[in-house]
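A short worksheet on the structure shown next.
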Amino acid sequence: MKAMILSAGLGMRMRPLTEKIPKPLLLIGNRPIIHYTLLFLKKYGVTDVIINLHHLADKMRENLGDGSGFGMKINYSFEPEILGTGGGIKKVEPFLSDNTFVVINGDILIDVDLNDVIRFHKEKKALATMALRHDKDANRYGAIEIDKENRIREFLGMIKGADENLTRLMFTGLHILEPRIFSYLPEKGCINRTAYPEMIKNGEQVFGYVMNGYWRDIGTPEAYSYAEKELKERPL
């Protein structure tokens with residue numbers, strides 16, 4: 001199975017730290033954030049990876065190389081203009097379109113059984129599966145709501161029509177996707193704002209896997225500080 005790591009962002013909320021260092025290369029525990037992501041994927045047998053780049057792309061290539069240092073094969077997709085999460089994935093369709101694939105944000109730390117997420121995805125015969133988690137701030141992140149069968153029925157308040165009790169969760173930044181999703185992806189834009197609402201409205205099999213393990217989004221200096229403290233107490 002192949003994977004894509006989304007890493008083309010500017011890291012604006014992390015400035016001035018990201019003015020000279022791309023956010024995925026910021027150190028936590030003497031290791032760049034994206035190294036944790038690569039090691040997470042490798043742990044579950046995913047060794048063929050593509051990473052989209054924009055901000056300080058040369059520094060990313062210099063640090064990661066061809067992936068041989070990780071026992072992996074790393075490919076790159078440079079975006080002269082940032083295409084967004086949906087457009088970034090769409091651009092690498094030839095690389096990912098042969099089978100089920102993983103997409104993961106390049107600025108998160110996560111500890112979940114990826115094999116179990118993939119098993120769930122396949123058992124549900126899903127077109128797309130999002131790894132979700134309970135969080136009291138789900139509304140702030142953007143709430144994803146699932147029914148009793150874990151099917152996603154409400155998405156960022158954009159569906160409006162579910163008439164049953166739903167569980168409100170938040171998205172972790174990890175997806176399992178089928179190649180047919182490319183027909184929903186924009187050339188430029190956000191996968192969450194474009195493809196997912198359309199898929200759900202069309203009745204596609206879109207599910208949420210509810211995880212309980214460690215997760216941290218490194219989106220702000222405060223979160224970055226928390227992650228450094230957490231990994232000292234609970235190494236990944």
Side-chain angles (χ1 to χ4, degrees), residues 1-9 34 37-38 40-52 72-77 79 83-108 110 112-133 142 144-146 149-156 158-159 169-211 215 217:
M1 185 174 290
K2 295 176 181 176
M4 180 174 191
I5 303 176
L6 297 171
S7 298
I34 198 170
T37 307
L38 290 166
F40 166 73
L41 293 170
K42 185 184 177 185
K43 176 180 177 180
Y44 293 100
V46 181
T47 57
D48 204 355
V49 176
I50 192 162
I51 303 173
N52 66 333
M72 307 175 79
K73 181 179 180 182
I74 296 178
N75 305 271
Y76 298 99
S77 173
E79 298 176 14
L83 300 175
T85 52
I89 301 168
K90 178 72 171 178
K91 184 175 184 286
V92 299
E93 180 175 354
F95 179 79
L96 295 171
S97 61
D98 57 343
N99 210 334
T100 307
F101 60 95
V102 178
V103 173
I104 185 169
N105 292 356
D107 59 354
I108 64 169
I110 191 167
V112 64
D113 186 337
L114 184 59
N115 287 340
D116 198 54
V117 186
I118 295 168
R119 174 202 58 77
F120 172 91
H121 172 84
K122 292 186 177 295
E123 283 185 358
K124 295 293 188 180
K125 296 181 171 60
L127 172 57
T129 296
M130 307 181 92
L132 306 175
R133 64 188 291 272
I144 312 294
E145 299 180 52
I146 60 172
E149 303 300 321
N150 284 62
R151 190 163 178 172
I152 297 175
R153 297 293 187 178
E154 180 56 81
F155 199 94
L156 306 179
M158 299 173 71
I159 307 300
L169 303 152
M170 62 151 290
F171 177 46
T172 65
L174 171 67
H175 327 239
I176 312 298
L177 304 171
E178 294 298 322
R180 194 162 61 81
I181 198 173
F182 286 108
S183 66
Y184 285 99
L185 291 174
E187 298 293 335
K188 183 178 181 180
C190 172
I191 184 174
N192 288 358
R193 292 284 176 181
T194 58
Y196 272 106
E198 186 178 357
M199 288 190 291
I200 294 164
K201 289 175 182 177
N202 286 350
E204 297 280 11
Q205 298 285 90
V206 180
F207 285 86
Y209 175 96
V210 183
M211 63 162 283
W215 176 87
D217 169 53

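For the pair D107 and D217, the minimum side-chain heavy-atom distance is below 4.5 Å. Side-chain atoms of Y184 and I191, non-hydrogen and from C-beta on, never get closer than 4.5 Å to each other. The shortest distance between side-chain heavy atoms of R119 and N115 does not fall below 4.5 Å. Looking only at side-chain heavy atoms (C-beta outward), F207 and I146 stay at 4.5 Å or farther from each other. With contacts defined as side-chain heavy-atom distances shorter than 4.5 Å, the pair T100/M1 qualifies. Between H121 and Y209, the closest side-chain pair of non-hydrogen atoms is not below 4.5 Å. Here the side chains of F101 and I89 are in contact, with some heavy-atom distance below 4.5 Å. Side-chain contact between N75 and V92 is absent, with no heavy-atom pair separated by less than 4.5 Å.
Of the possible polar contacts, none joining the K125 side chain to the Q205 backbone as a donor-acceptor pair under 3.5 Å is found. Between the K124 side chain and the E149 main chain, a donor and an acceptor come within less than 3.5 Å of each other. Listed for the K90 side chain is a donor-acceptor partner under 3.5 Å among the backbone atoms of F182. A donor-acceptor contact shorter than 3.5 Å is absent between the side chain of N105 and the backbone of L6.
Taking both residues in full, the closest heavy atoms of E79 and A8 are given as OE1-CB, 4.0 Å, listed atom of the first, atom of the second, then distance. Taking both residues in full, the closest heavy atoms of A3 and V46 are given as CB-CG1, 3.6 Å, listed atom of the first, atom of the second, then distance. Smallest separation of non-hydrogen atoms from P179 and N99: CG-O, 3.4 Å. Minimum interatomic distance between A128 and M199 (heavy atoms only, all atoms of both residues): CB-CE, 4.1 Å. Nearest approach of F171 to N192, heavy atoms of both residues: CD2-ND2, 3.7 Å.
Atom CG of L83 and atom NZ of K188 lie 7.0 Å apart (nearest 0.5 Å). T85 OG1 to M4 CE: the interatomic distance, rounded to the nearest 0.5 Å, is 9.5 Å. Rounding to the nearest 0.5 Å places CD1 of I50 at 6.5 Å from CG of L96. Here the OG1 atom belonging to T172 is positioned 8.0 Å from the NE2 atom belonging to H175, to the nearest 0.5 angstrom. With rounding to the nearest 0.5 angstrom, the CD1 atom of I152 is 6.5 Å from the OH atom of Y196. Taking CG from L185 and CZ from R180, the interatomic distance works out to 12.0 Å, rounded to the nearest 0.5 Å.
For the side-chain contact (heavy atoms from CB on, under 4.5 Å) criterion with M211, the lone passing option out of I110, L174, L132 is I110. V49 pairs in a side-chain contact (heavy atoms from CB on, under 4.5 Å) with only one of the listed residues (T37, I5, V102), which is I5. Test V103, L114, I104 against I176 for side-chain contact (heavy atoms from CB on, under 4.5 Å) and you get one pass: L114.
Salt-bridge annotation for K201 and E198: absent, with no side-chain N of the basic residue lying under 4.0 Å from a carboxylate O of the acidic one.
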Would D48 and F95 count as a side chain to side chain contact (heavy atoms under 4.5 Å, CB included) if you check the C-alpha gap in whole Å, the side-chain angles of each, and the deciding distance to 0.1 Å?
-> CA-CA 10 Å; D48 204 355; F95 179 79; 3.7 Å; yes

Given M72 and L41, is the side chain to side chain contact (heavy atoms under 4.5 Å, CB included) satisfied, shown in steps?
-> CA-CA 10 Å; M72 307 175 79; L41 293 170; 4.3 Å; yes

